[in-house]
Amino acid sequence: DKGTEFHFDETESYNGDFYYSGAAPGVFLTKMISANKKDTITFHYTGFSKLNGYPSESYTRYDDIYDNGTVPASVTGHSQFSTLHTEQRIYIVKRLSEIRWREGKVVFNLVGGNDRVSNIQILNKDAVVIKTIQLVMSVLDNAYSVSHPNNYKLDTLKFKDRNNKDVEKYAFDYYGSGNFNRMSRDFWGYRNGSTQTHGVPSYNNVLIRTPPSGSGYITAGSGAYRGSGLSSRAGVLSKITYPTGGTTEFLYELNRFMWHNISHDGNGLRIAEIRTTGTDGQVQFKTYRYGVNESGYGTISFVPEMYDMTHETRFLTDIIVSTTQPSTAYGYARRIFSSEVLPELAYMLNEPVYYSEVAEYTGTLNSNIGKTVYKYTWGNYANTILGSNPTPTLNQLPGHMSLDTALIPRTYIREFNLWNEFTLGEEAYYKNNGNNTYQMVRKKNYYYTRAITDTVNGTHIYKFLEVT
């Protein structure tokens with residue numbers, strides 16, 4: 001009762017499918033009241049309807065077909081096919097428009113008709129503008145469909161005084177972007193430079209069952225390349241120019257990680273070098289190397305594989321005459337190979353590459369005065385634990401298809417350990433003795449106590465069999 005009060009009375013909403021329509025994905029601060037009740041700060045918002053769309057592809061395979069004479073032609077006639085999708089969702093989003101307090105307010109002026117900020121004005125209690133921050137933007141790349149707005153980038157940030165005169169100006173440059181192919185992306189959503197029109201990778205030696213002739217192996221999928229490339233730099237900040245005329249440039253490289261004992265490129269960028277140029281033309285460098293003993297690679301919790309992007313459902317129509325005579329049942333298995341991971345695994349794609357060591361050189365690799373090595377600790381390598389649903393065991397009556405084995409068990413997240421992130425454990429400072437030999441001069445260590453205060457249990461349910 002004696003502290004500052006915080007009120008959260010604004011929400012965003014999702015107007016999507018039947019199950020989640022009206023859900024509130026965001027809650028916003030609307031009021032702060034001081035402990036003595038004499039000062040109040042209020043936050044005001046403007047609502048916008050935003051269309052979110054995401055292209056995907058599914059490759060469908062029907063097999064394990066029982067009683068070919070009665071199975072629908074849509075199954076037997078299209079045993080394998082791919083479909084392109086564009087899922088669109090409408091969100092009602094809120095954008096901050098004003099912050100008010102006793103001595104004045106801050107106004108966020110939006111570009112007419114949309115939610116981009118044109119400028120920010122600071123006004124005193126007499127409603128006089130005392131400072132303006134102007135945001136100058138241009139199109140970063142065109143939207144992939146006419147129903148989606150273009151993406152914009154911030155080119156210039158201008159600070160103006162009460163007379164609307166420029167006081168300071170910052171300029172920003174970016175790696176080139178331009179139009180893009182909606183399927184040219186790696187598993188994590190970054191551009192990979194491909195020109196493909198499909199999103200489902202190809203999987204070799206996929207087991208199929210084709211009663212009554214037996215079983216065999218096929219290649220399933222659309223052949224999409226989902227690896228990573230330096231095209232993921234598209235639209236990323238490359239340079240800042242300061243009011244003094246000095247600049248900072250950012251050079252990136254792909255993250256690298258070990259998976260199945262092989263080093264891979266993937267999921268986003270890391271800083272390779274930062275170049276800062278002063279007004280006198282002098283250039284200072286910061287250079288970064290990653291991994292244990294600067295090996296170049298880190299660790300990752302999850303890389304999508306076939307079982308993480310595919311799900312199987314069995315369909316059975318069963319009219320049983322008796323338990324001793326064949327029924328008029330027909331059935332089949334449907335497996336969908338998707339360009340996206342299963343919804344219950346989607347969180348895993350947010351997990352970055354973790355580096356237990358990062359070395360920061362003051363200078364370049366060949367010319368520096370020393371380096372700082374940061375070491376990070378993680379209580380458990382697997383931040384989340386994956387599991388597979390158990391294979392259903394179903395009784396089989398005469399004349400029925402085999403139902404006791406799922407060719408593709410469904411994978412899900414069995415245990416979330418979201419609190420168990422990497423933490424800084426050590427900073428070691430080295431001086432360059434020449435000839436690229438280094439001597440540690442001092443070190444800092446950090447210690448943490450991890451405590452699990454609660455465990456929340458739940459139930460994971462999915463549909464394996466559909467009977468009509």
Side-chain angles (χ1 to χ4, degrees), residues 153 170-177 186 188 190-193 227-259 261-300 352-378 422-446:
K153 57 184 173 64
Y170 295 81
F172 306 92
D173 294 304
Y174 305 83
Y175 286 94
S177 181
D186 65 14
W188 296 271
Y190 297 97
R191 290 193 193 183
N192 64 8
S228 301
L230 277 176
S231 296
S232 57
R233 294 183 304 183
V236 175
L237 181 68
S238 62
K239 183 178 179 180
I240 302 173
T241 302
Y242 301 99
T244 58
T247 62
T248 297
E249 298 175 74
F250 304 93
L251 281 71
Y252 304 91
E253 60 189 13
L254 288 170
N255 280 307
R256 291 191 66 80
F257 59 86
M258 293 293 291
W259 192 253
N261 297 317
I262 299 174
S263 181
H264 296 269
D265 292 329
N267 94 317
L269 304 169
R270 64 192 189 191
I271 290 286
E273 186 177 275
I274 299 176
R275 301 174 184 172
T276 301
T277 304
T279 54
D280 57 0
Q282 294 294 315
V283 182
Q284 296 181 347
F285 295 87
K286 290 283 189 181
T287 306
Y288 298 86
R289 288 294 180 265
Y290 298 83
V292 177
N293 297 322
E294 303 179 27
S295 63
Y297 57 83
T299 56
I300 194 169
V353 175
Y354 289 101
Y355 297 99
S356 55
E357 291 186 19
V358 178
E360 179 188 60
Y361 287 83
T362 304
T364 65
L365 290 180
N366 296 323
S367 177
N368 62 77
I369 61 174
K371 64 180 180 179
T372 303
V373 178
Y374 302 90
K375 294 186 178 181
Y376 299 85
T377 59
W378 198 2
F422 264 97
T423 52
L424 180 61
E426 178 183 296
E427 292 180 48
Y429 302 88
Y430 296 81
K431 69 176 182 178
N432 190 343
N433 291 328
N435 299 320
N436 287 327
T437 62
Y438 297 87
Q439 177 185 353
M440 184 190 298
V441 293
R442 59 191 177 94
K443 182 173 67 173
K444 293 180 182 179
N445 291 98
Y446 302 87

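The figures here come from the full heavy-atom set of this structure, side chains too, leaving out hydrogens, waters and symmetry mates.
In this structure, Glu357 and Val373 have side chains that are in contact, with non-hydrogen atoms separated by less than 4.5 Å. With a 4.5 Å cut-off on side-chain heavy atoms, Leu269 and Leu254 count as touching. With a 4.5 Å cut-off on side-chain heavy atoms, Leu365 and Arg289 count as touching. Within the 4.5 Å cutoff, no side-chain heavy atoms of Gln282 are placed close to those of Thr277. The shortest side-chain heavy-atom distance between Thr241 and Tyr170 does not fall under the 4.5 Å cut-off. Side-chain atoms of Asn432 and Tyr361, non-hydrogen and from C-beta on, never get closer than 4.5 Å to each other.
Distance OG1/Thr287 to NZ/Lys371: 12.0 Å, rounded to 0.5 Å. Distance check, rounded to the nearest 0.5 Å: CG of Asn445 to CG of Leu424 gives 9.5 Å. Between Lys431 atom NZ and Thr437 atom OG1 the span is 10.0 Å, to the nearest 0.5 Å. The CZ atom of Phe285 sits 12.0 Å away from the CD1 atom of Ile274 when rounded to the nearest 0.5 Å. Atom NZ of Lys443 is separated from atom OG1 of Thr372 by 14.0 Å, given to the nearest 0.5 angstrom. Note that CD of Glu273 is 7.5 Å distant from OG1 of Thr364, once rounded to the nearest 0.5 Å.
A side-chain donor-acceptor contact under 3.5 Å links Tyr288 and Glu360. Judged purely by distance below 3.5 Å, without hydrogens or angles, the side chains of Thr248 and Tyr242 pair a donor atom with an acceptor atom. A donor-acceptor contact closer than 3.5 angstrom links the side chains of Thr377 and Thr423. For the residue pair Asn368 and Tyr430, no side-chain donor N or O sits within less than 3.5 Å of a side-chain acceptor on the partner. Side chains of Ser177 and Arg191: a donor on one and an acceptor on the other come within 3.5 Å.
Using modelled atom types, no side-chain atom of Arg275 and backbone atom of Val283 make a donor-acceptor pair closer than 3.5 Å. Not a single donor-acceptor pair under 3.5 Å links the side chain of Asp173 to the backbone N or O of Ser238.
Aromatic ring orientation, Phe257 versus Trp259: perpendicular (interplanar angle above 60°, classes split at 30° and 60°).
Across every non-hydrogen atom of Arg270 and Gly296, the tightest pair is NH1-O, 2.9 Å. Minimum interatomic distance between Val358 and Tyr376 (heavy atoms only, all atoms of both residues): CG2-CE1, 4.2 Å. Listed here is the closest heavy atom pair of Tyr190 and Ser232: CB-CB, 3.7 Å. Closest approach of Ser263 to Tyr297, counting heavy atoms only: OG-CB, 4.1 Å.
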Worksheet item: Step by step, would you call Phe250 with Ile240 a side chain to side chain contact (heavy atoms under 4.5 Å, CB included)?
Response: CA-CA 9 Å; Phe250 304 93; Ile240 302 173; 4.0 Å; yes
task: Show the numbers, then the answer: is there a side chain to side chain contact (heavy atoms under 4.5 Å, CB included) between Tyr290 and Asn255?
output: CA-CA 9 Å; Tyr290 298 83; Asn255 280 307; 6.0 Å; no
Q. Run the side chain to side chain contact (heavy atoms under 4.5 Å, CB included) check on Tyr438 and Asn433 step by step: do they pass?
A. CA-CA 6 Å; Tyr438 297 87; Asn433 291 328; 6.0 Å; no
- Go through the steps to decide whether Trp188 and Ser228 satisfy the test side chain to side chain contact (heavy atoms under 4.5 Å, CB included), and finish with yes or no. CA-CA 9 Å; Trp188 296 271; Ser228 301; 4.0 Å; yes
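Within 6.0 Å of the CD atom in Gln284, the count of heavy atoms belonging to other residues, nucleotides or ligands does not exceed 12.
Stacking of Arg442 on the aromatic ring of Tyr429 is recorded, both the 6.0 Å distance cut-off and the 45° axial limit being met.
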